[in-house]
Amino acid sequence: MEIFDQLDTETNSTLFAELLLPVPIPKLFTYRVPQSLNEKIMVGQRAIVPFGDRKILTGVVVSTHSNPPKDYEAKYIFELLDDFPSVSEIQFKLFQWIADYYLCTIGEVMNAALPSGLKLSSESMVQLNPAFNLEETDYDFSEKERMLLKRLEGESLEYSAISKLLGVKQVYSLLKSLVRKEAIILYEEVKEKYKPRTERRIRLTEAYLAAPTLETLFETLAAKPKQESIVLKYLQDVPVLSHAEQNKHGIARKQLMDDTLSESSLNTLIKNGVLEEFDVIVSRFEEETLPDYHIIQLSEEQHRAQVEILASFKDHNTTLLQGVTGSGKTELYINMIRQALEGGSQVLYLLPEIALTTQIVQRLKKIFGTSMGVYHSKFSDNERVEVWNGILNGRFKFVVGVRSAIFLPFDNLGLIIVDEEHDSSYKQQEPAPRYHARDVAMVMAQLHHAKVLLGSATPAVETYYQALQGKYGYVKLDKRFGEAQLPTLVLADMGRERKQKTIKGEFSGLLLKNIDEALAKKEQVIIFQNRRGYSPMVNCEDCGWVPKCVNCAVSLTYHQYRHALVCHYCGYREALPQHCPTCSSTRIKTVGYGTEKLEEELKFHFPEAHVQRMDLDTTRSKTGYETIIDQFERGETNILVGTQMVTKGLDFDHVSLVGIFNADRMIHFPDFRSYERAFQLITQVSGRAGRRAVAGKVVIQTSSPDHPLLETILKHSFEKFYNDQLADRRMHSYPPFSRLIDVTLKHSDKKICQASATALFELLRTALPGTKILGPGEPMISKIRNQFLMSLLIKIPRGSSELAVLKQALVKCIYQLLKEKEHRNTRVVMDVDPV
Ligand code: ADP
Ligand code: ZN
Ligand code: ZN
């Protein structure tokens, strides 16, 4: 790893350091370096500093110098957390770029970038590291440290509680020392506490470790062959007589017990004190998955694509690989990752949030073994710290991760792959930085002189356009691998079926018949409906009353399993009323189909089938998602119904039918991206069908069977789709022909919110003459969590050289607005390149 030059430190002059702190204030902070740290301090190290009256924070050293700040007295740095830099120069540059481009502070970027376990602060919570054992460690501990460790056995403690407990004000150096000795873990309360994975192990008890006692044991076991064979098997795996020390670690219970051995005999041995059971912590990254990969021969098509990609990298930094679903893009990535790693550089493989499943991780682990790090949002902070440090110390050369993996401390990237590059989960919505990981990846690649491969079956319109223009390289894979064919798509005409009375509930006769046939052939079915809950709406049949959220301007969704009406924006809940509050009628009915209702009706129509639902509600736990996928993969589930979670990256052998329950809502959504989204979702979910020998079929339910978008999808005519979209976007000057900045104003008072929006609009009109500003207007959902919303949309022509200037002017206008008394409490959120 790169170590920065230790900066000139003239020992006779006072040294100051500029620190980047994780706070939303747009500047660096100057601190004094204590004499004792003058020789140690390096750019990129983490430093603990006082902030405000009582707080302490962890910052990162950006530079050192000898100019005292003019208008205040600099406080001292308390302590350095690192011996070497934790943040590299390239990362600083990237963070700064993100802050400038996405209009936020670099402190906000840093806050998003560094896992909270790397940021000791007065807000930290401290827990005992579950893997730590005071008896077995080689480190020495002071009396205070021991006292704290004892207390932590019972509970986690806040920073302030620790300082009270130990009777010292500043406990950071003690905590730093305990973190180094791997005795404690820091976390933020808002996040999940670290729960380690444990494994049940077996070992011989102390008493039988010597040869004589072991002999006696075998004499007594002579009459109990079942128990005897277990002990023999154990000794075979753990030769305690020649290597007594190995007994300490024992072996995994599941490794000891094969089919021939009896569980009840094992339990008897444990009961009799011959063997004992104990739990050990296993690191998630050290599982024994040895690479057992036989190198896949790329098909001729795939090989050609790879040659083309490599050639295009000669004069493009970014190349788009447009490959139909099942064409073997993943195999191609694997090949390219291996090559890059063999060439000695690091590789980052980005995947959308929900596509990063055990399925793909296992596929990759088989090839890259333990040199691969996984960076996932469902991981605890401690696991993120492990990946971060693993890159710094060279353990991980290759990381597969979600969008936030772009913050990791790579120093030598050669290749970044952005899989499913069109996916909107690459864009962070809340809080700042509202960055798009695909776009940041391209900047990151530039800083590293690395290449970017964007992959998708349905590229974003913006990306496709850049490829057409020759700004990106462009390579196509338009056949599925092997015998697999692209699925056949058919429309279920809901209008016609309604007339013919072949509809049951909202299921077309056509879809039901196809499900029936697939099940009869023991094939699997996926049904896609992008609404969770039971019914998206409830209303009174007599007066039309609709229950609305008390905090937001949306109607409440009925969830049957909770017997409640729920707001999907703020989580507000209330019971389903028996009587209409307006007219007292009891005729209150649910309207529309969410995944929960679909699940219920599918079970009713196909009582023999095992139906499983996959949506936010069934996958909240860390393993919920994996369990559902595993069951489906093993064939235990016949019908999987779900939201867009079922559309991503899943690779199953036996899915012959995909049903799209309601295409209309996707198409008619009032947004300039709705066609693009519908096209992508329908194509992606269709891509789950017929990935092997079984031919796939897709049934799309719609009331507008003549819609031109459906026609292009049915014919798999990608080019027509993109050409239509580009013509449309050009006409209305939407991306890629312009850049958008979405400005949202929030206030609990509707009038003030509107007044602020109007005032800002006026300011902008003066400051940005000639720039198109739409609004101010109410967004589709005009109130969320009791905050009223107003929005403005700024359109900047593509290729405008003044982008940075315009952005600065925008920021200035907002400052100016917020200086005025009546607008002071309005919150203004800027979203650059909104999706
Ligand atoms: P995509 O990522 O484009 O959807 P995958 O890489 O998942 O496609 O490939 C689809 C399936 O075909 C996978 O199960 C994969 O293992 C298999 N496959 C693709 N290319 C090859 C190949 N060259 N040899 C053997 N199997 C392949
Ligand atoms: Zn009513
Ligand atoms: Zn709400």
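Every number for a ligand or one of its atoms is a count from 1 in the order of the listing. Keep in mind it's a predicted model, so treat the numbers as computed, not measured.
For ligand 1, none of its N or O atoms has an N or O atom of Phe481 under 3.5 Å away. Note: an N/O pair closer than 3.5 Å links Gly326 and ligand 1 by distance alone.
Classification of Arg438 and Asp423 as a salt-bridged pair fails, no side-chain N sitting under 4.0 Å from a carboxylate O. Classification of Glu719 and Lys476 as a salt-bridged pair holds, one side-chain N sitting under 4.0 Å from a carboxylate O. Lys750 and Glu778 are joined by a salt bridge, as a carboxylate oxygen and a charged side-chain nitrogen come within less than 4.0 angstrom of each other. Of the charged side-chain nitrogens involved, at least one lies within less than 4.0 Å of a carboxylate oxygen, so that Arg673 and Glu462 count as a salt-bridged pair. Checked for salt-bridge contact, Glu331 and Arg363 meet the test: a charged N lies under 4.0 Å from a carboxylate O.
The nearest protein atom to atom 16 (O) of ligand 1, hydrogens excluded, is given as Glu331 OE2, 3.0 Å; this is a heavy-atom distance. Looking from atom 13 (C) of ligand 1 to the surrounding protein, the closest heavy atom is Asp651 OD2, 3.4 Å. Ranking protein heavy atoms by distance to atom 2 (O) of ligand 1, first place goes to Thr330 OG1, 2.6 Å. For atom 20 (N) of ligand 1, the nearest non-hydrogen atom of the protein is Gln302 NE2, 2.8 Å. Looking at atom 9 (O) of ligand 1, its nearest protein heavy atom turns out to be Gly328 CA, 3.5 Å.
Within a 6.0 Å sphere centred on CD of Glu430, heavy atoms belonging to other residues, nucleotides or ligands number more than 12.
For the pair Arg532 (side chain) and Gly594 (backbone), a donor-acceptor distance under 3.5 Å is absent.
When each atom of ligand 1 is checked for a heavy atom of Ser299 under 4.0 Å away, the hits are 23 (N). When each atom of ligand 1 is checked for a heavy atom of Ile296 under 4.0 Å away, the hits are 22 (C), 23 (N), 24 (N), 25 (C), 26 (N). The atoms of ligand 1 that sit less than 4.0 Å from any heavy atom of Arg363 are 5 (P), 6 (O), 7 (O), 13 (C), 15 (C), 16 (O).
At a cut-off of 2.8 Å, Cys567 coordinates the Zn ion (ligand 3) through an N, O or S atom.
The six-membered or imidazole ring of Phe718 lies away from that of Tyr464, with a centre-to-centre distance of 6.0 Å or more.
Rounded to 10°, the angle formed at the Zn ion (ligand 2) by Cys580 SG and Cys540 SG is 110°. Between Cys552 atom SG and Cys570 atom SG, the angle centred on the Zn ion (ligand 3) amounts to 110° (nearest 10°).
The heavy atom nearest to atom 3 (O) of ligand 1, considering only Gln684, Lys329, Arg480, is found in Lys329.
When heavy-atom distances to ligand 1 are checked against a 4.0 Å cut-off, Gln297 comes that close only through its backbone atoms N, CA, C and O.
Phe661 pairs with exactly one of Val699, Val641, Ile700, Leu598 by the side-chain contact (heavy atoms from CB on, under 4.5 Å) rule, that one being Leu598. Of the residues Val655, Asn638, Thr627, the one that meets the side-chain contact (heavy atoms from CB on, under 4.5 Å) test with Phe632 is Val655.
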